[in-house]
Amino acid sequence: MLRSMILAAARSSRLERMAATAPVAKGVVNRYVPGRATDDALRATRELVDNGLKVSLDYLGEDTLTIAQAESTRDEYLRLLSSLNSQGLTPAAEVSVKLSALGQRIDEDMSLRMAEEICTAAADAGTTVTVDMEDHTVTDQTLDAVAKLREKFAGTGAVLQAYLRRTEADCKEFAVKGSRVRLCKGAYAEPESVAFQRKLDIDRSYVRCVNSLMRGEGYPMLATHDPRLVEIGIDRAKWYDRGPHSFEFQMLYGIRTEEQKRLVEAGYQVRVYVPYGDQWYGYLMRRLAERPANLTFFLRSLRGNK
Ligand code: FDA
């Protein structure tokens, strides 16, 4: 209930404006987002890479409604990839892109063309792109777009969400040689007709998907902070005779950082998802929905109290 309310608030432009102009909760925002500028993202990336972690950078923004905004998002990715390359941060760092930030909802072909430009820049920089997954109304379109991008850029990553009832079947289809698949639980408020609602059902679906991806020939990217699912991932890798370099764990910037370190020290690959930019509101609200305990701090800071 609380989760759905927070996720509904994530879509409220009135609350977004309020949050943007309030002396916002620096502590809460900074915990999940290292900064607004490209240099903030590059600094955070350098620190993570120096500590043995890999990175996927996300220039924050979604539901872009103008072509100019989509172009400016694309241009930021092109600049970012060029800086990552010149600073020697590739291939350890790649980028994550939301098609809605490239105008998927206004002109699908345009968003695909822009994604191709970003994939070209990533290939020139010696790295890859993963296409983030958004709500279920765009799952088919997004997976089709990834399939098209893969014709030219085989390493383009797809994201599958275990809370969707369809995902187990998608995992089987995607677990093919050369594919990179990020498996996450899913972060949007979805109806029961398409998505499991109970945590237990979502976790069970996640495990079935892990089995499928680990058994297949692709490169699984297990995106979760859930300690039980991390252990199950390690167990299944052993079961299917996969070395630690044939899959990776992924976690979000600022969440379970000790666990990220522990896994790296144990010889596993861990990629940290690093979001940056001005449009942190939707991203932050989804993180608060996962952890309502942090909500109180955020609301208090909107009222001006630290
Ligand atoms: P769960 O939410 O059950 O949390 C397990 C434990 O992790 C908690 O008990 C707590 O200890 C810790 N934790 C989790 N969230 C926390 C928080 N916000 N603050 C503090 N502690 C927290 N989703 C999507 O729909 N599309 C996408 O493209 C992506 N991409 C993506 C990339 C990466 C690298 C990650 C890690 C996640 C995503 N997600 C995503 C988000 C994902 O779907 C999911 O919402 C979150 O990862 C939370 O789910 P967990 O699996 O971590 O489990």
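Just follow the structure's listing: the first ligand is 1, and inside any ligand the first atom is 1.
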Kindly work out whether a path of hydrophobic side-chain contacts (I/L/V/M/F/W/Y, heavy atoms less than 4.5 Å apart) joins [X] to [Y].
| X | Y | result |
| --- | --- | --- |
| Val181 | Leu229 | yes |
| Leu99 | Leu65 | no |
| Val272 | Leu252 | no |
| Val146 | Met221 | no |

Nearest protein heavy atom to [atom], by residue and atom, and its distance?
| atom | result |
| --- | --- |
| atom 29 (C) of ligand 1 | Cys184 SG, 3.8 Å |
| atom 48 (C) of ligand 1 | Glu290 CD, 3.6 Å |
| atom 19 (N) of ligand 1 | Tyr32 OH, 2.9 Å |
| atom 37 (C) of ligand 1 | Leu252 CD2, 3.7 Å |
| atom 11 (O) of ligand 1 | Arg291 NH1, 3.9 Å |
| atom 26 (N) of ligand 1 | Met133 O, 2.8 Å |
| atom 22 (C) of ligand 1 | Ile255 CG2, 3.6 Å |

[atom1] of [X]: more than 12 outside heavy atoms within 6.0 angstrom?
| X | atom1 | answer |
| --- | --- | --- |
| Glu47 | CD | no |
| Glu192 | CD | no |
| Asp50 | CG | yes |
| Arg208 | CZ | yes |

Legend entry - Ring geometry between Phe249 and Tyr268 (parallel below 30°, tilted from 30 to 60°, perpendicular above 60°): perpendicular

Inset, instruction - Give a yes-or-no answer on whether the side chains of Thr38 and Glu76 include a donor-acceptor pair shorter than 3.5 Å. - result: yes

Looking at ligand 1, does any of its N/O atoms fall within less than 3.5 Å of an N/O of [X]?
| X | result |
| --- | --- |
| Gly186 | yes |
| Gln161 | yes |
| Tyr163 | no |
| Gln250 | no |

Inset, instruction - For the pair Arg271 (side chain) and Lys54 (backbone), establish whether a donor and an acceptor sit closer than 3.5 Å, ignoring hydrogens and angles. - result: no

Legend entry - Sidechain-backbone polar pair: Gln104 side chain, Lys98 backbone, donor-acceptor under 3.5 Å: no

Heavy-atom contact check, 4.0 Å cutoff: does [X] meet ligand 1?
| X | result |
| --- | --- |
| Arg182 | yes |
| Arg31 | yes |
| Arg286 | no |
| Tyr206 | no |

Inset, instruction - Using a distance threshold of 4.0 Å (strictly less than), state whether atom 4 (O) of ligand 1 has a protein heavy-atom neighbour. - result: no

Looking at [X], which atoms of ligand 1 are within less than 4.0 Å of one of its heavy atoms?
| X | answer |
| --- | --- |
| Lys199 | 3 (O) |
| Tyr273 | 32 (C), 34 (C) |
| Tyr188 | 25 (O) |
| Ala223 | 33 (C), 34 (C), 35 (C), 36 (C) |
| Asp132 | 28 (O) |

Inset, instruction - Return the option from His225, Arg287, Lys185 holding the heavy atom at the smallest distance from atom 47 (O) of ligand 1. - result: His225

Legend entry - Arg286 to Tyr283 six-membered ring, cation-pi geometry met (6.0 Å, 45°): no

Legend entry - Output field: ring centroids Tyr59/Tyr276 closer than 6.0 Å: yes

Inset, instruction - Could you tell me whether Thr224 approaches ligand 1 through its side chain, its backbone, both or neither, with non-hydrogen atoms closer than 4.0 Å? - result: both

